[in-house]
Protein chains: 2
Amino acid sequence: MISLEDVAKLAQVSPATASRALTRPELVAEGTRERVLEAARTLGYQPNVLARSLRQRGSRSLGLVVTDILNPFHAMLAKGVQDVAEAQGYTVLMFNTDEESAKERRAFETLRGHLPQGLIVVPTPATHLNLKLLPNLPVIELDRASGRAGAHTVMVDNEVGAYRAVSHLAALGHRRIGMIVGRLDISTAVERHEGYRRALLDAGLPYRPELVVPGNHREADGRAAAHALLTLPPAERPTALFVGNNEMTVGAVLAARELGLRLPDDLSLIGFDDSRWAQTMTPAITVVAQPAYDLGALACRTLLNLLGGQTVPQSVRLKTTFIERDSAAPLTPQPSPLAGSR
Amino acid sequence: MISLEDVAKLAQVSPATASRALTRPELVAEGTRERVLEAARTLGYQPNVLARSLRQRGSRSLGLVVTDILNPFHAMLAKGVQDVAEAQGYTVLMFNTDEESAKERRAFETLRGHLPQGLIVVPTPATHLNLKLLPNLPVIELDRASGRAGAHTVMVDNEVGAYRAVSHLAALGHRRIGMIVGRLDISTAVERHEGYRRALLDAGLPYRPELVVPGNHREADGRAAAHALLTLPPAERPTALFVGNNEMTVGAVLAARELGLRLPDDLSLIGFDDSRWAQTMTPAITVVAQPAYDLGALACRTLLNLLGGQTVPQSVRLKTTFIERDSAAPLTPQPSPLAGSR
DNA sequence: TTGAAAGCGCTAACAG
DNA sequence: CTGTTAGCGCTTTCAA
């Protein structure tokens, strides 16, 4: 390991000067600076981040804690964060909580030891509590809000997106529209549920609690929830389903298939969050798409601005996009002229 | 930040003893140890990893460098690595190279400053070169081999998997079987191509270079390659396609759709690497599946064993699994008894 | 079994 | 503009 001292020696300056030449070149005379840079280059010097961070009481790194790295939505969030962080010379320490508060706690503990400058977190229900482990650390909550007072958040307009989707189903004539919602102790689920509710109201449809089933965001949860809803007695069974996230949408589609229901003829379905899967399956799924990469990138930019002492908006909402594809259709198939004339 | 000194003070011992009590408890008298642990607990002490690593000239962290975190296969590799590392108390510093050697170089440079104990890397063609930045660092090559002499590798049996897939197509009666292969400067592509070649040979089919098109592992590459192959004159057009990775398989399927070719009637297709997408699309894609999670987990275990001074196998190959679904069918559809009797 | 002291590599005060 | 000095928090001799 080549140290700064080695560089200093070769350049015939003190370590302090070498340090300055490398990190704050304007404080050093031109000639000296060049000697140092030259020496660093020939030796292949790479600063020891650990020593620097120890001295400066903080490393040029950021924590990123997501709840499910296998979920393409989260992978995309992470990419957005990483790209921005890297461009600014920050290292990202990424952790995965699997939606478990205990894992989040451990992630925070580990992170603490690394003295990160800031944290971007997709909260779990215990984030509020766990963040006590990291006092005074600038935090951006991504995708969801933990409910901490004064928290900075970067999210999408969940309520509007959900409203749009459910209104669409209502406009297609569906009167029994079910919802597979996430955990109601998570803000996105609450907001999407709120949009669902408002859309029903505006369409003059009753809100029926028995048509709303919560799940824990995974495929298996969506499958179970859909199964429960779709095996209700015919008179009560929903003719359309709005599903609260991408993983559960997969599960819901599989459940429908298992029950022999064809989309969109026997069941209309709209999912929240787009995916390649939704685009390419047959029929392609109508979705409320989220700008995942932008969310991640924006969260990171916001954090870096915050670190830079700039004032940043408390809360940002990015827009969702409604993408109409083939999984939602009118309740009663258009009767052909002949059939209609009987 | 609570330091070890704070703990020591509270426990009325020297920092040295406090350190020992926490990291090598057997060196400390029972009573003292308990006082220290108690003090650490009440203060919520968390060791400063930076200081510790600086002192010990190495941090309890591992580098993980993958080439495309958005690819679910890589996400799964990463999860396998992370889970094992975390269980052993290691922090994973993850980087993404987007298949770009320059990004890999930067990742290595950044990593170096963090003094990781070891590295797990999915190599790019320049890994051989870039690894000079990290001399003496234990390295496991994951999924692909860089070709470095003496490198430790954890991979799948690409050649066998490819052979199996292509033999299957040949057995179905296909005689013009195309391959969309990866970059031939990457070991997986070479090996899968080798399997393709051997399967043709064993089936008594000629190897036709014009039916083999390379791509850079992304969806767009697969699409372009498939388009090129499928627009050949009818007599030359392949009736079956073997695609070298999951992303390119998506592209190939989309290209076929654009050209109005139906799977498997107009074109048989087998992909390498399974995905949810391949499972749920219509028709479901026949694939050579890889144990991605196990690959990652095994790579990490191997690295940790290596760090622990154990002797580990130079090279490990995990088995692929051939999963027959609906995208590959006999060349000529089974004639019905009637049609066959003319 | 415990403590004193040194030092990992770096940077920030403070002189000069 | 540059060098000297000190110290970030921890672990590890060495000595008691």
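Numbers restart at 1 for each chain; the letters A, B, ... are given by sequence-line order, proteins then strands.
From Ile120(B), atom CD1 reaches atom CG of Leu295(B) across 11.0 Å, with rounding to the nearest 0.5 Å. To the nearest 0.5 Å, atoms CG (Asp98(A)) and NZ (Lys103(A)) are separated by 4.0 Å.
Ser187(B) places a side-chain N or O within 3.5 Å of a backbone atom of Ala145(B) that can act as its donor or acceptor partner.
Arg148(A) has a carboxylate O that lies under 4.0 Å from a charged side-chain N of Glu141(A), or vice versa, which qualifies the two as a salt bridge. A salt bridge does not link Glu99(A) with Arg218(A): every distance from a Lys NZ or Arg NE/NH1/NH2 to an Asp or Glu carboxylate oxygen is 4.0 Å or more. At a threshold of 4.0 Å, the pair Arg41(A)-Glu38(A) counts as salt-bridged, since one of the basic side-chain nitrogens sits closer than that to a carboxylate oxygen.
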_Verdict with supporting geometry, Asn245(B) and Thr188(B), side chain to side chain contact (heavy atoms under 4.5 Å, CB included)_ = CA-CA 9 Å; Asn245(B) 85 340; Thr188(B) 46; over 6 Å; no
*Verdict with reasoning, Leu111(A) to Leu137(A), per side chain to side chain contact (heavy atoms under 4.5 Å, CB included)*: CA-CA 11 Å; Leu111(A) 206 47; Leu137(A) 188 70; 5.6 Å; no
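The outermost nucleotides of DNA chain C lying under 4.0 Å from heavy atoms of chain B, listed 5' to 3', are dT1(C) to dG9(C).
A close approach under 4.0 Å does not occur between any side-chain nitrogen or oxygen of Ser53(A) and OP1 or OP2 of dC8(D).
Across all strands, Leu27(A) comes closer than 4.0 Å to base atoms (heavy-atom distances).
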*Which letter, B, S or -, goes with each nucleotide of nucleotides 10-16 of chain D from 5' to 3', with contact meaning a protein heavy atom under 4.0 Å?*
BBBB---
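Residue Leu22(B) contributes atom CG, which lies 16 Å from atom P of dG9(D) at whole-angstrom precision.
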